[in-house]
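See below for the structure under consideration.
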2 protein chains.
Amino acid sequence: MREKADSDLVRRQNRLLLLEALRQHGAMARVDMGRHTGLSPASITSISSQLIGDGILEEAHTPHTAAEGPQRRGRPTTQIDFNPKGANVVAVKVSIDGLELALADARGAILARRTSRSATHDADSAAFGKLVADEITALLTKARVPTRRVARVGIAVQGVADSQAGTVVWSPAFRGRNISVAAAIEERLGIACRVANDANMIAEGLIGSDRKRYGGTAAVVFMGWGVGMGLIINGQVYHGPTGAAAEFGHMNHLPDGPLCRCGRRGCVEAYVADYSLLRWASGHAATQPPSSNAIPPDDMLALEAAAHRGEPAAVSAYAKAGEALGFGLARLIAILTPARIVLAGPGTRAMPLIRPHLERALEQGVVDELRRTVEIEVVPIDTDMIIKGTIDRALRHVDREIFAHGPLKKGRELETVA
Amino acid sequence: MREKADSDLVRRQNRLLLLEALRQHGAMARVDMGRHTGLSPASITSISSQLIGDGILEEAHTPHTAAEGPQRRGRPTTQIDFNPKGANVVAVKVSIDGLELALADARGAILARRTSRSATHDADSAAFGKLVADEITALLTKARVPTRRVARVGIAVQGVADSQAGTVVWSPAFRGRNISVAAAIEERLGIACRVANDANMIAEGLIGSDRKRYGGTAAVVFMGWGVGMGLIINGQVYHGPTGAAAEFGHMNHLPDGPLCRCGRRGCVEAYVADYSLLRWASGHAATQPPSSNAIPPDDMLALEAAAHRGEPAAVSAYAKAGEALGFGLARLIAILTPARIVLAGPGTRAMPLIRPHLERALEQGVVDELRRTVEIEVVPIDTDMIIKGTIDRALRHVDREIFAHGPLKKGRELETVA
DNA sequence: AACATTTTTTTGGACGCCGAAATAAAACAA
DNA sequence: TTGTTTTATTTCGGCGTCCAAAAAAATGTT
């Protein structure tokens with residue numbers, strides 16, 4: 001109970017209700033909107049016609065060929081969907097070896113992509129801001145979309161992002177700390193911009209893909225070059241008080257454990273991440289500082305093969321990873337008891353090697369009653385999930401902050417209409 | 001966005017807004033309500049006069065003696081407050097050695113108390129339901145308050161409560177498991193009833209006492225006969241998907257650690273709880289099953305004194321507790337980064353002994369950047385906080401579920417009016 | 001006694017919802 | 001072909017709640 005209720009709130013809330021139904025179920029007739037929102041047909045007519053007038057939705061004039069099933073009696077429905085020209089969003093994924101960009105329309109369809117191998121590692125706020133802004137401009141030029149049509153930019157990074165301040169607090173992609181990103185983009189391009197952790201964006205994408213399944217309380221653990229986590233609490237991706245994401249990867253497993261990239265010892269990541277597995281297997285001391293170079297995928301494949309062949313060092317590396325991951329999840333369950341834990345990322349390829357040890361750790365670490373209520377599933381996520389999640393999140397934000405507000409009288413003059 | 005918005009929602013929301021302002025700041029004039037809620041004077045007049053008509057609020061006809069400050073110019077204000085006769089609530093605290101009850105009016109003032117030493121340990125659902133119902137009846141008889149005036153009963157227990165099902169999943173107060181409580185009360189007395197974990201009720205009480213301070217994201221750790229936690233996320237006490245509270249006490253600290261009451265090994269509780277400290281200090285094997293008897297407070301005082309005198313076994317017990325607690329909090333911070341961690345309960349008496357080890361563990365277990373954003377404070381909580389929190393929570397629920405709904409036309413005929 | 005100042009109530013208008021009735025657009029039936 | 005049935009959508013009038021502006025109330029000040 002935050003906001004006072006008046007007719008303005010009613011309009012926003014119901015417009016948003018309708019937009020959300022459309023996002024979730026795709027194009028639908030007015031009747032279906034009524035079913036999904038609980039609003040009366042009269043209200044649906046009124047709201048939808050306004051949204052169409054605002055250029056946000058449009059009636060599908062499909063020659064009804066794609067009509068599902070046999071034609072039923074009665075007046076045929078007219079499908080309504082987002083107007084693709086209503087607004088655009090841009091998603092940017094920052095990784096160690098470059099940038100990946102995508103431009104999407106209001107329906108979430110990707111219109112153009114762009115990849116850049118520019119080195120970001122040594123960039124400071126100014127340089128990185130310019131780089132991203134230039135890349136976005138190039139992407140828009142290619143797609144012939146004017147800048148003012150872009151309602152929002154979402155940026156996903158590995159590491160700790162402060163989404164409130166719009167900065168990258170710490171990331172393996174940068175040598176520096178507290179790189180300010182959002183402000184630079186907003187200043188250079190005049191587009192609202194949001195920075196977020198990449199695991200959170202995967203969580204966002206999962207919510208978008210199946211609200212039933214992932215909409216309650218769930219944790220998404222990303223295993224690969226590092227270990228990240230996105231937390232969904234009551235259907236919302238959790239950003240802590242400071243806007244930073246959960247740092248499951250840097251949760252301690254054992255005091256005085258192996259050295260982690262973050263400088264502490266015994267973090268979960270120092271057992272489970274790619275570099276950690278290789279370090280165990282190569283017989284190097286656990287106190288050896290982890291390499292900061294990117295790891296060629298082939299190295300991991302070779303390690304997995306070795307473990308499958310039964311080579312002791314490799315087998316034991318995965319055993320240690322499984323135990324650390326299992327106790328980590330056990331601790332997570334003790335605190336939050338999420339309904340579902342999703343393991344994702346390239347690291348899950350080795351799940352058959354890890355799983356038995358993970359399960360054993362869970363048995364040791366969690367009371368049976370709790371363990372049974374948590375479902376653990378493995379989703380081999382294609383990397384594009386980060387981009388898609390970023391787009392999803394940006395669009396949901398546009399729905400809420402721009403589309404739901406109705407005819408933008410005064411104030412921002414964002415040209416969202418064709 | 002869950003609910004469709006219509007005039008009904010508007011009324012509920014604004015009535016609730018006003019009631020919450022009143023709960024938080026106490027009696028106030030209509031002007032102040034306008035300031036707190038953002039509603040226009042016209043609306044405030046309308047809403048407040050309806051609430052008064054419903055018997056929920058009342059004008060204070062104090063002879064303005066208590067008027068603060070020198071009389072100012074202009075029409076004097078009329079204070080408005082909850083009508084104490086609007087509704088009553090009952091709070092019940094269940095502990096190992098008996099029941100503690102309190103009856104409060106709509107302002108939260110406690111009208112009557114009752115303590116009972118009845119043994120609950122061997123009770124099953126039926127017997128316990130009867131016991132609680134009888135105790136409540138006796139309390140009401142003493143206070144001459146008819147049963148139908150009680151809008152809600154809140155029950156706080158140690159251990160795991162499923163607040164959705166209204167059952168006690170597991171508690172040191174009971175030998176049995178899954179004791180159904182809420183249903184029994186509702187059936188016998190016809191009063192809505194809610195079961196909750198006692199640490200959660202402390203959290204609820206803290207929110208009520210200082211929303212600014214505890215209203216964001218915070219964790220309340222209770223240290224004493226056991227270790228419990230209440231989690232506040234975005235201003236709301238978190239109840240997991242199953243309605244169970246956080247089980248910080250049974251979060252694993254070290255694999256193969258000391259045996260815990262829950263049957264696992266290495267739980268935080270097995271280092272920090274009263275029985276664990278005594279076990280370390282007495283030199284018993286860590287695999288010795290913990291005693292299930294209540295521990296006399298004097299034993300703990302003696303142990304503290306021994307540690308202050310520097311007896312090695314006692315000192316080391318507190319060192320181990322501090323380390324376990326510190327790493328436990330470090331893991332909590334990695335996952336949620338709460339803005340504030342509150343340590344509470346009798347166990348905090350020994351904080352001077354524990355603190356240095358706790359701090360050292362935090363340094364080892366948490367990235368500096370995160371550690372700095374978390375404030376850790378010690379609050380020596382009087383036991384009554386659980387009762388007060390339970391009352392608070394019950395009243396807030398009455399505000400939301402009954403008072404905000406307006407003149408109860410059809411349906412429930414709960415006589416809330418004098 | 002007249003004015004100033006602050007709080008509270010009254011009045012009239014706006015907005016957005018809803019139910020009921022009307023209209024639209026098809027399939028089906030004679 | 002023409003009417004009937006069926007389903008989708010729009011139109012219309014009423015209702016509830018908000019707000020701004022004006023009025024009333026209650027007191028202090030001059």
Side-chain angles (χ1 to χ4, degrees), chain A residues 3-18 27-54 57 59-65 67-80 404-407 409, chain B residues 3-18 27-53 57 59-64 67-80 404-407 409:
Chain A
E3 206 179 346
K4 125 192 120 167
D6 55 11
S7 66
D8 196 61
L9 177 92
V10 171
R11 176 170 39 76
R12 283 206 317 273
Q13 169 111 335
N14 287 335
R15 279 171 74 116
L16 184 55
L17 219 52
L18 201 154
M28 64 175 77
R30 292 180 173 81
V31 209
D32 302 310
M33 293 177 176
R35 247 191 296 286
H36 285 300
T37 59
L39 291 162
S40 73
S43 307
I44 294 289
T45 290
S46 156
I47 295 172
S48 62
S49 70
Q50 280 182 265
L51 285 167
I52 292 171
D54 295 345
L57 302 185
E59 290 196 342
H61 21 265
T62 44
H64 115 338
T65 153
E68 76 297 346
Q71 188 71 342
R72 280 176 21 266
R73 258 187 162 199
R75 178 174 175 173
T77 61
T78 43
Q79 299 291 106
I80 294 185
H405 277 63
K409 295 161 191 171
Chain B
E3 208 179 346
K4 120 193 123 168
D6 54 13
S7 65
D8 196 61
L9 177 91
V10 171
R11 177 169 38 76
R12 283 207 315 275
Q13 169 111 335
N14 286 337
R15 280 172 73 116
L16 184 55
L17 220 52
L18 201 153
M28 63 175 76
R30 290 181 174 79
V31 210
D32 303 310
M33 293 177 177
R35 248 190 295 286
H36 285 300
T37 60
L39 292 162
S40 73
S43 307
I44 295 288
T45 290
S46 156
I47 296 173
S48 62
S49 69
Q50 279 181 266
L51 285 166
I52 291 172
L57 302 184
E59 290 195 342
H61 21 266
T62 44
H64 116 335
E68 77 295 349
Q71 188 72 342
R72 278 170 31 261
R73 256 189 165 194
R75 177 174 174 172
T77 61
T78 43
Q79 300 291 107
I80 295 185
H405 277 64
K409 294 161 192 172

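Naming convention: chains lettered A, B, ... in sequence-line order (proteins, then strands); numbering from 1 in each chain.
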Notebook entry, point to check: B/Val31 side chain: which of C/dG16, C/dT7, D/dA8 is closest?
Noted result: C/dT7

Margin query: For the residue pair A/Arg30 / A/Thr78, report whether a side-chain donor-acceptor contact shorter than 3.5 Å exists.
Written below: yes

Next item on the list: Name the nucleic acid region contacted by A/Ile47, choosing base, sugar-phosphate or nothing; use a 4.0 angstrom heavy-atom cut-off, strictly under.
Entry: sugar-phosphate

Note to self: What I'd like to find out is whether the side chain of B/Ser43 reaches to under 4.5 Å of the side chain of B/Asn14, using heavy atoms alone.
What the structure shows: no

Notebook entry, point to check: Pick the nucleotide of DNA chain D nearest each of A/Arg30 and B/Gly38; which residue has the one closer to the 5' end?
Noted result: A/Arg30

Checklist line | First encountered from the 5' end of DNA chain C, between A/Val10 and A/Gly74 | finding: A/Val10

Margin query: What is the separation between atom CZ on A/Arg75 and atom C1' on C/dA24, rounded to the nearest whole Å?
Written below: 4 Å

Checklist line | Side-chain N or O of A/Asn14 closer than 4.0 Å to phosphate OP1/OP2 of C/dC17 | finding: yes

Margin query: Using only atom types and a distance under 3.5 Å, with no angle test, would you say the side chain of B/Asp8 pairs donor to acceptor with the backbone of B/Arg11?
Written below: no

Notebook entry, point to check: Hey, does the side chain of B/Thr45 come within less than 4.0 Å of C/dT8's phosphate (OP1/OP2), counting only N and O?
Noted result: no

Next item on the list: Give the nucleotide from the list D/dT9, C/dC17, C/dT8 with an atom nearest to the side chain of B/Asp6.
Entry: C/dC17

Notebook entry, point to check: Can you tell me how far C1' of C/dT7 sits from CD1 of B/Ile80, to the nearest Å?
Noted result: 12 Å

Item checked: Atom pair distance, as rounded to whole Å: CD1 in B/Ile44 and C1' in D/dT17 -> 13 Å

Next item on the list: Check whether any side-chain N or O of A/Asp6 sits under 3.5 Å from a backbone N or O of A/Leu9 as a donor-acceptor pair, and report yes or no.
Entry: yes

Notebook entry, point to check: Rounding to a whole Å, what distance do you find between A/Met33:CE and D/dT9:P?
Noted result: 9 Å

Notebook entry, point to check: Where the side chain of A/Leu39 is concerned, which of C/dT8, D/dT9, C/dC18 is the nearest nucleotide?
Noted result: C/dC18

Margin query: Between A/Thr78 and D/dT9, is there a contact of a side-chain N or O with OP1 or OP2 at under 4.0 Å?
Written below: yes

Next item on the list: Counting heavy atoms from C-beta on, name the nucleotide in C/dA24, D/dT17, D/dT5 closest to the side chain of A/Arg73.
Entry: D/dT5

Check: Closest to the B/Ala42 side chain: D/dA21, C/dA24, C/dT7?
Finding: D/dA21

Notebook entry, point to check: At under 4.0 Å, does any side-chain N or O of B/Arg11 touch on OP1 or OP2 of D/dT17?
Noted result: yes

Checklist line | Length of the line joining B/Lys4:NZ and D/dG16:C1', which is rounded to integer Å | finding: 14 Å

Check: Can you check the B/Glu3 CD to C/dC17 P distance for me, whole Å?
Finding: 14 Å

Checklist line | Minimum-distance nucleotide (side-chain atoms of B/Pro76 versus D/dT27, D/dC19, D/dT11) | finding: D/dT27

Check: So do the side chains of A/Glu3 and A/Arg12 get within less than 4.5 Å of each other, counting heavy atoms only?
Finding: yes

Margin query: Can you measure B/Gln13 atom CD to D/dC18 atom P for me and round it to whole angstrom units?
Written below: 11 Å

Notebook entry, point to check: Where the side chain of B/Pro41 is concerned, which of C/dT8, D/dA8, C/dC17 is the nearest nucleotide?
Noted result: C/dT8

Notebook entry, point to check: Taking the side chain as C-beta and beyond, is there a heavy-atom pair between A/Arg15 and A/Gln50 under 4.5 Å?
Noted result: yes

Note to self: Looking at C/dC15, I'd like to know if its phosphate oxygens (OP1 or OP2) sit under 4.0 Å from a side-chain N or O belonging to A/Ser7.
What the structure shows: no

Next item on the list: Starting from C1' on C/dT8, measure out to CD1 on B/Ile52 and report it in whole angstrom.
Entry: 12 Å

